[in-house]
Amino acid sequence: MAKNHVEEFREDLKEFHEITKKFYQKEITVPEYKSFSGGFGSYAQRGGEHNMLRLRLAGGELNKENVKFVADSVKKYNIDLVHFTTCQSIQLHNLTEASVCGLIEEAFDHGIITRGGGGDFPRNVMCSPLSGVEEGEYFDPLPYAKEAGDYLLGFIKKVKLPRKLKVCFTNSKKNETHATFRDLGFVAKENQTFDVYAAGGLGIKPKMGVCVAKDVEPSKILYYIKTMVDVFTEHGNYTNRAASRTRFLQDTLGVEGFINVYQEKLAYNLENEKLDINVKPDVINKTGDGEISNPRIIKQKQKGLYAVEYHPIGGNPNPEFFAKIYEVISNMKEVKLRITPDQGVYVINLTAAEAHRVLEATKDGANTLFERSTACVGATICQVGIGKSQALLDACIERVKQENFNDKVLPPIHISGCPSSCSAHQTGALGFRGGKKPTEDGPKFAFAVYEDGCELLGEENFGKEMGVMVEDDIPDFLVDIGKEVTSLGITYEEYRKEYPENLGKLAAKYL
């Protein structure tokens with residue numbers, strides 16, 4: 001991160017310390033603290049006794065120095081909960097007043113800015129996690145994502161946005177970052193340009209993004225970001241937070257009206273601003289030492305090099321993971337970590353021998369597609385959460401393990417504790433959203449069930465809500481699916497294509 005931003009925002013930390021002290025002395029309320037602390041990437045957890053701190057990492061990338069910083073912080077502050085987010089950030093939980101104030105300073109010392117990690121600010125810029133190393137990618141957008149992240153930090157003190165702004169880049173049809181339905185998304189193309197989508201988003205009243213430009217030269221991306229900020233600040237809703245995200249511009253302006261406003265502002269910026277960038281692609285100067293094969297191994301486009309995938313259950317690595325993995329990779333050249341949008345991590349640029357060591361160090365993670373499910377932190381920690389997402393995921397995994405199903409009999413599920421869709425439940429083959437359901441015994445914790453979401457480029461689809469299921473019934477519902485798919489001798493994906501009506505019949509007895 002640019003040094004000028006670190007120094008620019010460091011001055012703000014004095015106020016963070018002062019307000020945090022007032023909060024822990026009960027001089028200000030939880031809502032009052034939230035409206036302030038979110039802009040520093042920190043929130044009070046449910047109950048108001050501890051804090052969370054979110055480390056923003058452009059494209060989810062950590063170099064070895066970053067890994068060591070997290071490892072040292074875990075040890076120094078006895079951190080017992082670390083969470084990978086679906087926006088490719090790291091959340092450090094259960095922090096005291098002293099530890100959150102110490103950590104935020106030390107993060108800045110290591111070039112990790114938390115400013116704007118929450119609140120109504122430009123958030124962490126996302127990018128396909130295997131950018132630059134993935135076989136078949138159109139080109140590497142990560143250097144542009146980093147430039148975008150640095151540029152967006154400059155708006156934090158200059159512009160008041162109606163709500164948060166999420167910007168992302170994708171390198172292939174996998175569309176892992178949801179570039180076609182974010183506030184602003186850059187979709188890489190085979191001709192080495194981007195198509196640009198805007199005003200999309202998940203949550204209440206989700207919307208696909210609107211294509212506002214095609215075949216954009218990568219050197220021009222900052223004009224499109226500046227234009228989105230301009231349109232959002234000029235036409236966004238500052239009075240009703242429930243209708244203040246960019247996707248609601250499609251309602252207030254109309255789709256064509258939004259495109260016209262965007263294009264008009266873009267033309268002005270292209271003529272009057274000087275925002276061209278010259279980005280040098282990252283070059284990996286490393287050769288391999290053999291071959292290796294494993295379900296968690298991904299062959300990179302660099303001959304002889306590999307990435308290892310690690311997916312801790314629920315996106316919660318053992319806090320000791322960072323010290324463990326740092327010890328393994330500390331002497332390996334050009335090795336980095338990339339957090340994924342589904343709460344996993346890749347360790348990239350490994351030789352076969354190095355990959356073997358990383359595999360051994362990460363063997364406590366998910367072993368099946370289903371265990372790679374995604375869940376937000378949920379109501380035990382989040383102030384606005386309704387459902388206990390992590391507890392539900394644990395219960396589902398434990399129940400499914402008892403059946404010894406073959407891999408791919410069940411898909412990865414997405415569990416959000418509330419309608420905010422922090423686990424992207426609307427994009428999952430099966431998604432669950434926390435709430436409550438009236439029953440003869442009174443209201444019970446429950447989850448709305450969604451089916452057939454898809455994020456793939458050209459096949460994007462938001463899942464359809466099937467109904468609301470009591471929390472305790474969901475593990476059995478999943479087992480019913482697994483048994484039926486197993487009896488047919490196919491995968492879940494094939495099951496949905498060949499027997500499209502069956503899922504509804506299985507769900508009916510629980511809804």
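FYI, side chains are in, hydrogens and waters are out, and symmetry mates aren't considered; it's all heavy atoms of this structure. Note that the numbering runs from 1 along the sequence shown for the chain.
- Remark: A198 engages L184, V212, M228, F258 in a side-chain contact (heavy atoms from CB on, under 4.5 Å) (not counting sequence neighbours).
- Comment: K174 does not engage E455 in a salt bridge, judged by the lack of any side-chain N to carboxylate O separation of less than 4.0 angstrom.
- Under the 4.0 Å criterion applied to side-chain N and carboxylate O atoms, K146 and E61 are assigned as salt-bridge partners.
- When the shell of 6.0 Å around CD1 of I204 is examined, it contains 12 or fewer heavy atoms from other residues, nucleotides or ligands.
- The backbone N or O of L53 sits nowhere less than 3.5 Å from a side-chain atom of Q91 that would complete a donor-acceptor pair.
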#### Entry: side-chain contact (heavy atoms from CB on, under 4.5 Å) evaluation trace for C87 with K166
CA-CA 9 Å; C87 286; K166 294 185 176 182; 3.6 Å; yes
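- For Y43 and Y33, the ring centers are positioned 6.0 Å apart or more.
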### Task
In sequence, state the C-alpha distance, the side-chain angles, and the governing distance for L488 and T486, and then conclude on side-chain contact (heavy atoms from CB on, under 4.5 Å).
CA-CA 5 Å; L488 294 168; T486 297; over 6 Å; no
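- Remark: side-chain polar atoms of K408 are not paired, donor with acceptor, to backbone N or O of T491 under 3.5 angstrom.
- No cation-pi contact links R433 to F447, judged by a cut-off of 6.0 Å to the six-membered ring centre and 45° from its axis.
- The aromatic rings of F432 and F477 sit perpendicular to each other, their planes meeting at more than 60°, with 30° as the lower class boundary.
- Electrostatic pairing of R123 and D183 does not count as a salt bridge here, judged by no charged N lying under 4.0 Å from a carboxylate O.
- The side-chain tip of K164 does not point at the ring of F121 from less than 6.0 angstrom away and within 45° of straight on.
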